[in-house]
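Only one structure is covered here, and it is reproduced in the block below.
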Amino acid sequence: MKLKATKGYDVVHAWLKEKSLSPFQFQQETWQHIIDKKSGLVNAPTGCGKTFSVFLGSVIDFINEHPKNYKTKSKNNLQLLWVTPLRALATDIGRAMEEVIDELGMNWKVGIRNGDTSISDRQKQKRQVPEVLIITPESLHLLLAHKNYTDVFKSLKIVAVDEWHELLGSKRGVQVELAISRLAGLNPKFCLWGISATIGNLQQAKEVLLSPIANLYQQSPDKFGETVTAQIDKNIQIESVFPDEIEKFPWAGHLGIKLVDKVIPIIMNSRTTLIFINTRGMSEMWYQALLTACPELAGVIALHHGSIEQDLRSWVEENLHTGKLKTVVCTASLDLGVDFRPVETVIQVGSPKGVARFLQRAGRSGHRPGEISKIYFLPTHSLELMEAAALKEATEIKLIESREPRLLCFDVLIQYLSTLAISDGFYPKDIFEEIKTTYCYRDINDEEWQKILQFTTAGGVALQQYDDYKKIEIIDGLYKINNRRIAMRHRMHIGTIVSDPMMKVKFISGGFVGVIEEWFIARLQPGDIFTLAGRTLEFVMIKEMTALVRKSNAKKSIIPSWQGGRMPLSANLGFMLRKKFDEAGLLLHKKNKKGIDREITELQPLFELQEYLSHIPKQNELLIEHIETQDGFHLFVFPFEGRLVHEAMAAVLAYRISRITPITFSLAMNDYGFELLSDQPIPLDDTNSYGLFSPQNLFADIQRSLNSVEMAKRKFRDIAVIGGLIFTGFPGEQKKARHLQSSASLLFNVFAEYEPGNLLLRQSYNEVMEQQMEEERLRKMLERIQKSKIIITFPNRLTPFCFPIKVDSMRENLTSEKLEDRVKRMQMQLEK
DNA sequence: GACCTGCTGCGGCTTG
């Protein structure tokens, strides 16, 4: 495609030429669309100039509009609104944009508006609106909460939503949708561009973002907008780290520290290495282990995770950028963000749980078009090695996960209405029309809308006697909040991220180290030694919700753990894993092992034992193992559908079996399968297996088998905070976690008793089903099982497949030392 | 209610 010659393009083209840069095809395509005033989605990997695709497009467009005076034109006049999910990205992108503007001699200003923006900068931006404003979704809503906010957006020409794939699928994405619907209501002339990495549902991603704009043009949202794809194929090299003797490598575990000696040469042979660890606690352990194994790393190795003080993290990022650091051990905290050009090698320790995440991390290395991205996969137990084989093939065929957009988030809607009410107020009729243009709320009905309005103005049915919940007043039909206290509190609570209250950790001598959860600190005695941010610390005391510590030289220390999210194995990776096990099973009977993944051939001894004791399931089979040990009667099932689905399925199966015979179970699960354990034989056999895994009555059986009320209550806490029902305190004034949960629980009970139809209550149950149980996936799994062959085996001892689940379930009752002894004993028995 | 594996992300302490 050749770009139409325009003044704007000439100017930009000349500039590019001067810099000896030639634009990529996808960038030119985007520019053309922007010139033609179209909207759409750019699909490009990070680090290949996706920023410039849209940014330069807006520059070209501006020059075209003002060919004569583009150098002097414009002041106080927002042209481009750049939405990005990360504050850290804003500075970098802003700097790059300023450079271009400077070199083109244009009279544009770039402003950054987020929580880091100083008060004086905010005031400056208010007096003189910059031409380019880089903003987070939260800050964008804060703008909508300002009086006369409509003035700011009058001149807006282009809105870009960067990293849209990161926002889609979360309530932050819903916030973006709402903001877009409002802007579309105000200023129908702007173009909207999303920028996204590759995901499974790109078309849907485009539709979600562009829906309100499609509505303006009265077009059907699923067909509206352009898709521009960068044809830049990243060369990704995946290499497994193999233990020397697979026979001696543990069958279970999650840390993988036994392979630390294999990591040192990789670090040494590479300029810089990022080591991704799945949890914060384990990243602390790896950091220590690497330093112990290779003391020369002192000073060039660092640690980075979400509970480390922001300043320390920035220091690490900065020094990684300049190449001073050779290695950084990190968690998902470095998945996104600053463009780490010098990173040469990436190591993934343990399961990345999904294809997209793995590719994202691989892409952190060789971060330039044309360069090879090199990633090592380090397994934490034997069977996990199969994930490397699965990831390789998934990468080849681009089996990348989708991000499902969230629907009908009433909590976010309530927050949004309060936001509009504290600025200029709103007329329900207009706003209802607007929100219905979003993907999230397109199916909202009149009754639900009335309930929402009633809720924000009168506290709904249950809370009508409490003035605190009557936030919005109606004056001549205008919905408005005039109470300054309510307005202030609301501004402080804009956003959809609800975190557990944490305790800060600070040196007595001053200086913050990071944050830790209350329960962890609560069990420490003064004088106890623990580790945080790679430092050994002695706990002194708690003062004003801050744990005071001093440095320590002790050799032994406790490593904290945090209660984070529990990402399950993705459906795509599970699918590929089943395929690889199928291949492994076939291979046992084959002489010629050419062309077979090395991971599979290395694991041959393990597979032989599995096949001897039980069976290796094929793709169209479900393996069930009945095993009797001194602990009792075990039933192991291996659907490979991820922890959350297994958790729900285990409960449903236990319930269904208990209807055949009165029987109680204890349950255990991991990403590959689950276990039912009982003191009596478990009546599951050929005659009833399909019935027990039937999708029929699934919903009812879930309700009966899981404590959905308790689960909904937990979900409700976040919903209540987002919806503004619970005030989590002024900044710095931390509320206790217990306190927060109990106020949420109280509200939950009130609704359950007096207003069972409450929308937020309903939403919490829906979120349990959709997010926690992954009901959709559970149902699909059961349908798959109905079409599969169920293979029931009776091994006379534990098998390589069930061993990791067994070890995980033992962990619950034992301390780690005892566990280690016990695992050894189990393994010895197996080797007999 | 919390641990023995359990991520990340944002915002707020005014204004007339």
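Reminder, nothing fancy here: chain letters follow the sequence lines and each chain counts from 1. Keep in mind the model is a prediction, meaning the values are calculated, not measured.
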Worksheet entry | Pairwise 5' ranking along DNA chain B for A:Met567 and A:Ile494, keeping only the more 5' one | A:Met567

Item to complete: Kindly say if A:Arg172 contacts the phosphate of B:dG9, meaning a side-chain N or O under 4.0 Å from OP1 or OP2.
Response: no

Worksheet item: Does a nitrogen or oxygen in the side chain of A:Arg313 sit under 4.0 Å from OP1 or OP2 of B:dG9?
Response: yes

Practice prompt. Provide, to the nearest angstrom, the distance between the CZ atom belonging to A:Arg714 and the P atom belonging to B:dG1.
Written response: 8 Å

Item to complete: Name the nucleic acid region contacted by A:Gly115, choosing base, sugar-phosphate or nothing; use a 4.0 angstrom heavy-atom cut-off, strictly under.
Response: sugar-phosphate

All N/O contacts under 3.5 Å from nucleotides 14-16 of chain B to the protein, with atom names and distances to one decimal?
none

Discussion item. Once hydrogens and angles are ignored, does a donor-acceptor distance under 3.5 Å link the base of B:dC10 to the side chain of A:Thr496?
Written reply: no

Worksheet item: Has A:Arg489 got a side-chain N or O lying under 4.0 Å from the OP1 or OP2 atom of B:dG11?
Response: no

Worksheet item: For atom P, what is the distance between B:dG6 and B:dC10, given to the nearest Å?
Response: 23 Å

Worksheet entry | Test: A:Lys258 cationic atom under 6.0 Å from A:Phe249 six-membered ring centre, within 45° of axis | no

Worksheet item: Are A:Thr136 and B:dG11 close enough that a side-chain N or O sits under 4.0 Å from OP1 or OP2?
Response: yes

Practice prompt. Mark yes or no for a side-chain to base donor-acceptor pair under 3.5 Å between A:Arg280 and B:dG6, with no hydrogen or angle criteria applied.
Written response: no

Discussion item. Between A:Leu142 and A:Asn670, which residue's closest nucleotide on DNA chain B lies nearer the 5′ terminus?
Written reply: A:Asn670

Worksheet item: With respect to the phosphate group of B:dC10, does any side-chain polar atom (N or O) of A:Ser499 fall under 4.0 Å of OP1 or OP2?
Response: no

